[in-house]
Protein chains: 2
Amino acid sequence: MLKLSKLTDYTTVILSFMASNTAHIHSALEVAEATGIALPTVSKLLKLLVKAKFLRSVRGAKGGYNLAKRPEEITMADIINLMEGPIALTECSITQQGCGQASGCHIGGKWSLINRTVHNALESVSLADMIMPSAFPSEVLIPVKSLLR
Amino acid sequence: MLKLSKLTDYTTVILSFMASNTAHIHSALEVAEATGIALPTVSKLLKLLVKAKFLRSVRGAKGGYNLAKRPEEITMADIINLMEGPIALTECSITQQGCGQASGCHIGGKWSLINRTVHNALESVSLADMIMPSAFPSEVLIPVKSLLR
DNA sequence: GATATTGAGGACTATTCTAGTACTATATGA
DNA sequence: TCATATAGTACTAGAATAGTCCTCAATATC
């Protein structure tokens, strides 16, 4: 499976919870109970999200966390980028310098296109979209092939 | 990084090599030398690709492998599906039955859309596209957000 | 001002996954 | 019949991931 790490998955769940309830601040315990994720793990992720400026924290008794940005301003691409680094399906697509397989590999450019496509897909979905109850979308068409020539 | 396993990466390189030279059959050793991937690994992948019907094999002396399908008929989605299983960014998007986090997670439907978008992106690129020398594509636009409501 | 509550930060461990290797059996051309 | 090549399976080492724990710092409340 072309997969995200569990922690990335948890992070989207946590952020979605925060976004759906922006009124007051939530303690780590509260988030853990609401999401069903173990407290130490939640705590670890919340700290990470503060560092990344997605959340604000309030220390001390009655402290907790809340969103530092509007839900529309946080995209899936942002979240994945934070948790997993740059969105790229292959090693060689990250840096400009080719990979070790140089002699046998002539497909670098195509990967960069594919990566960009995936990135765009993820950037087009924000936290606000994630928490919106939705009718099932009809069809998604992507003109990638037409661009390959 | 939202990443593919190395083996998946190798597989695309190997298949691209086979596709760019469909005239005669290639031994595992030949493929290994052409791609720069270690022979045992190449051998393992070639066997896998035969089982998946992407390649045909000829046993015995002067044996080897060649493509069983036309390059246009093998898409990136096919390759990733073979190597990593169904294209899905999260566990819960694969099966219909919700995840263990049921109580806290209300975003399953959105993931399915995102997954479908990514899948479409990957399905639109075939082996034939991968081996074609290309001008750099200009822009890729995906109307995902407009479909979320 | 003392105490309880809650976040900050970092270290550590267990487990799982991945990649790579090795070995034996089978088929075929010369 | 021998050399060459694939088929199939099992195993191992290493790396990445997930998860936990402990100590320190800040703040509200009594």
Side-chain angles (χ1 to χ4, degrees), chain A residues 1-14 18 24-33 35-68 80 82-85 89-91 99-101, chain B residues 1-14 18 24-33 35-68 80 82-85 89-91 99-101:
Chain A
M1 183 176 72
L2 179 64
K3 75 156 175 281
L4 298 174
S5 75
K6 274 191 192 179
L7 293 181
T8 306
D9 197 2
Y10 294 164
T11 301
T12 63
V13 173
I14 291 173
M18 305 294 278
H24 55 283
I25 69 177
H26 308 276
S27 71
L29 180 62
E30 195 183 333
V31 174
E33 283 175 351
T35 59
I37 304 167
L39 177 57
T41 303
V42 167
S43 177
K44 176 181 178 176
L45 291 174
L46 288 171
K47 290 169 198 168
L48 216 163
L49 289 168
V50 169
K51 217 173 195 171
K53 304 267 170 64
F54 288 149
L55 297 181
R56 251 190 305 263
S57 66
V58 179
R59 296 175 71 152
K62 304 273 174 188
Y65 303 87
N66 65 354
L67 276 191
I80 293 175
L82 167 67
M83 298 301 296
E84 327 227 353
L89 296 180
T90 57
E91 282 300 338
C99 55
Q101 247 74 40
Chain B
M1 185 175 72
L2 179 63
K3 77 158 173 278
L4 297 175
S5 75
K6 272 193 195 178
L7 294 182
T8 306
D9 198 1
Y10 293 164
T11 301
T12 63
V13 173
I14 291 173
M18 305 294 279
H24 55 284
I25 69 177
H26 308 276
S27 71
L29 179 63
E30 196 183 333
V31 174
E33 283 173 352
T35 59
I37 304 168
L39 177 58
T41 303
V42 167
S43 175
K44 176 181 177 176
L45 292 174
L46 289 171
K47 290 170 200 170
L48 217 163
L49 289 169
V50 170
K51 215 174 194 172
K53 303 265 170 64
F54 289 149
L55 298 180
R56 251 190 304 264
S57 67
V58 179
R59 297 176 71 155
K62 303 275 175 186
Y65 302 87
N66 65 354
L67 275 192
I80 293 175
L82 167 67
M83 299 300 296
E84 326 228 352
L89 296 180
T90 57
E91 282 299 338
C99 54
Q101 247 73 39

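Lettering of chains follows the sequences in order, A, B, ..., and the numbering in each one begins at 1. No experiment lies behind these values; they were computed from the predicted model shown.
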Please determine if a side-chain N or O atom of [X] lies less than 4.0 Å away from the OP1 or OP2 oxygen of [N].
X	N	answer
B:Y65	D:dA5	no
B:S5	C:dC17	no
A:Y10	D:dA18	no

Atom [atom1] in [X], atom [atom2] in [Y]: separation rounded to 0.5 Å?
X	Y	atom1	atom2	value
A:L45	A:Y65	CG	OH	10.5 Å
A:I14	A:T35	CD1	OG1	5.5 Å
B:M83	B:L49	CE	CG	7.0 Å
B:L7	B:T12	CG	OG1	11.0 Å
A:H26	A:L67	NE2	CG	8.0 Å
B:T41	B:Y10	OG1	OH	6.5 Å

For this session: Would you give a per-nucleotide map of nucleotides 8-15 of chain D, 5' to 3', where B means the base has a protein non-hydrogen atom under 4.0 Å away, S means only the sugar-phosphate does, and - means neither?
Result: B-------
Problem set entry | Footprint string (nucleotides 25-30 of chain C, 5' to 3'): B base within contact, S backbone only, - free, heavy atoms under 4.0 Å | -BBBS-
Between atom [atom1] in [X] and atom [atom2] in [N], what is the gap in whole Å?
X	N	atom1	atom2	result
B:R56	D:dT6	CZ	P	16 Å
B:I25	D:dA5	CD1	C1'	10 Å
B:N66	D:dA5	CG	C1'	15 Å
A:L7	C:dT15	CG	C1'	14 Å
B:M83	C:dT18	CE	C1'	11 Å
B:L48	D:dT6	CG	P	15 Å
B:K6	D:dA16	NZ	C1'	12 Å
B:L29	D:dA5	CG	P	7 Å

Problem set entry | Given C:dG20, D:dG19, C:dT6, the nucleotide with the shortest approach to the side chain of A:T41 |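 Shortest atom-to-atom distance from the side chain points to D:dG19.
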Problem set entry | Toward the 5' end of DNA chain D, by each residue's nearest nucleotide, A:P40 or B:V50 | B:V50
For this session: By nearest nucleotide on DNA chain D, pick out whichever of A:L39 and B:S57 is the more 5' one.
Result: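 Nearest-nucleotide comparison on DNA chain D picks B:S57.
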Problem set entry | 4.5 Å side-chain heavy-atom contact, A:L29 and A:E33 |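 Sidechains of A:E33 and A:L29: in contact.
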For this session: Using a 4.5 Å cut-off on heavy atoms from C-beta on, say whether the side chain of A:N66 contacts that of A:I25.
Result: yes
For this session: List the atom of B:L39, the atom of B:A32, and the distance in Å for their closest heavy-atom pair.
Result: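 Heavy atoms only, the tightest pair is CA-CB, 3.9 Å.
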